[in-house]
Asker: 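Sharing a structure below in structure tokens format, with a few things to ask.
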Amino acid sequence: MTTFRTPADAAEAHAIQDTLRARVVLDEPGPPPGTGRATGVDVAYDEERDVVVAAAVVLDAATLDVVAETTAVGRVTFPYIPGLLAFREIPTVLTALEALPVDPGLVVCDGYGRAHPRRFGLASHLGVLTGLPVIGVAKNPFTFTYEQPGPRRGDSSPLLDRDEEVGRALRTQDGIKPVYVSVGHRTGLDNACAHTLLLARDFRQPETTRRADALCRQALREATA
DNA sequence: GCGACAG
DNA sequence: ATCTTGTCGC
């Protein structure tokens with residue numbers, strides 16, 4: 001597992017992304033959807049107290065039952081800069097992932113992977129550092145463009161950077177605004193969408209992110225109280 | 001130069 | 001991300 005280093009500034013962060021990008025694996029299909037485990041990771045902040053809490057929640061991919069969960073507390077070491085989100089979230093997320101007593105299976109993060117200005121978003125970065133299959137499911141289209149997908153659950157359309165497909169806008173519930181799926185590491189886009197759809201069985205967002213989000217917020221309250 | 005911009 | 005009550009709707 002590669003060591004994480006917090007960059008001194010944006011220029012150094014860009015350089016790190018440009019270097020690590022070469023290690024992304026894009027030619028593996030990834031774990032079969034609906035089997036094994038899927039792990040959601042998310043982070044909550046208390047900017048005032050300079051505290052960050054990460055959560056990792058492992059689900060059975062078939063039943064969506066919780067198999068294991070961990071949290072980790074850290075300090076904010078990098079500001080939020082669009083395109084550099086990973087440097088803010090990854091350190092504490094790594095700690096939470098390492099504390100898991102079981103193999104995470106497919107890791108699902110809140111944000112982007114290949115859909116990124118330098119093709120190296122949070123999901124790509126986390127994948128390269130851990131070696132795990134990782135995908136990104138974001139709630140906003142960031143700077144990318146897309147045609148509105150069909151109205152039904154499962155409908156999708158290409159997420160574009162110029163004319164390059166960097167991800168997909170995927171409708172996970174009938175008549176509800178889509179989520180934005182992109183590949184991180186060791187997973188194909190079709191598979192990433194299939195996983196997302198199965199994980200978003202009951203809600204717009206995948207159950208993995210919902211559980212991780214709830215857990216890190218709760219842990220932040222407790223760490224802050 | 002100004003605005004937009006994952007979380 | 002986070003600040004934040006009630007309220008409209010299934």
Side-chain angles (χ1 to χ4, degrees), chain A residues 4 6-7 10 13-14 16-17 20-21 24 40-57 71-94 96 107-128 134-146 153 159-162 164-170 172-185 189 192 196 202-206 208-221 223-225:
Chain A
F4 177 84
T6 297
H14 287 187
I16 291 172
Q17 292 180 328
L20 292 183
R21 185 179 49 228
V24 173
V41 292
D42 197 15
V43 168
Y45 300 92
D46 184 332
E47 214 73 55
E48 296 291 294
R49 309 192 186 201
D50 210 50
V51 173
V52 50
V53 173
V57 180
T71 60
V73 182
R75 290 286 177 183
V76 179
T77 57
F78 202 80
Y80 170 66
I81 301 171
L84 301 180
L85 175 65
F87 295 99
R88 184 170 167 81
E89 306 219 326
I90 279 191
T92 318
V93 167
L94 280 179
V107 176
V108 180
C109 48
D110 212 346
Y112 282 118
R114 198 173 154 61
H116 179 272
R118 284 168 299 285
R119 302 292 176 272
F120 197 72
L122 173 63
S124 318
H125 203 145
L126 189 59
V128 164
V134 183
I135 66 172
V137 180
K139 301 181 290 296
N140 299 293
F142 201 12
T143 61
F144 307 106
T145 61
Y146 63 102
R153 167 177 161 83
L159 187 66
L160 303 173
D161 187 351
R162 301 287 187 162
E164 177 184 356
E165 182 179 43
V166 293
R168 215 161 273 164
L170 175 66
T172 54
Q173 297 290 326
D174 291 354
I176 299 298
K177 66 179 180 179
V179 296
Y180 307 90
V181 180
S182 63
V183 159
H185 184 61
L189 185 54
T196 302
D202 305 324
F203 299 94
R204 174 185 178 235
Q205 293 201 71
T208 37
T209 14
R210 296 187 71 249
R211 298 308 263 259
D213 180 76
L215 182 57
C216 66
R217 291 195 200 211
Q218 176 199 316
L220 179 63
R221 287 196 300 268
T224 290

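Letters A, B, ... mirror the listed sequences (proteins, then strands); counts begin at 1.
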Asker: Could you check whether any side-chain N or O of A:R114 sits under 3.5 Å from a backbone N or O of A:V166, counting only pairs where one atom can act as donor and the other as acceptor?
Answerer: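 Side chain of A:R114 to backbone of A:V166: no pair is present.
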Asker: Using a 4.0 Å heavy-atom cut-off, write out nucleotides 1-7 of chain B from 5' to 3' as B (base contacted by protein), S (sugar-phosphate only) or - (no contact).
Answerer: ----BBB
Asker: Step through it carefully: locate the ring centre of A:Y112, locate the ring centre of A:F144, and say whether they are under 6.0 Å apart.
Answerer: yes
Asker: In B/S/- notation, 5' to 3', how is nucleotides 4-10 of chain C contacted by protein heavy atoms closer than 4.0 Å?
Answerer: -------
Asker: A:Y146 and A:Y180: side-chain donor and acceptor closer than 3.5 Å?
Answerer: yes
Asker: Between A:R49 and A:T224 (side chain of the first, backbone of the second, donor and acceptor by atom type, cut-off under 3.5 Å), is there such a pair?
Answerer: yes
Asker: So, the side chain of A:R204 versus the backbone of A:P178: is there a donor-acceptor pair under 3.5 Å, distance only?
Answerer: yes
Asker: Between A:D110 and A:K139, is there a side-chain N and carboxylate O pair less than 4.0 Å apart?
Answerer: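 Salt bridge: yes.
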Asker: Between A:R211 and A:T208 (side chain of the first, backbone of the second, donor and acceptor by atom type, cut-off under 3.5 Å), is there such a pair?
Answerer: no
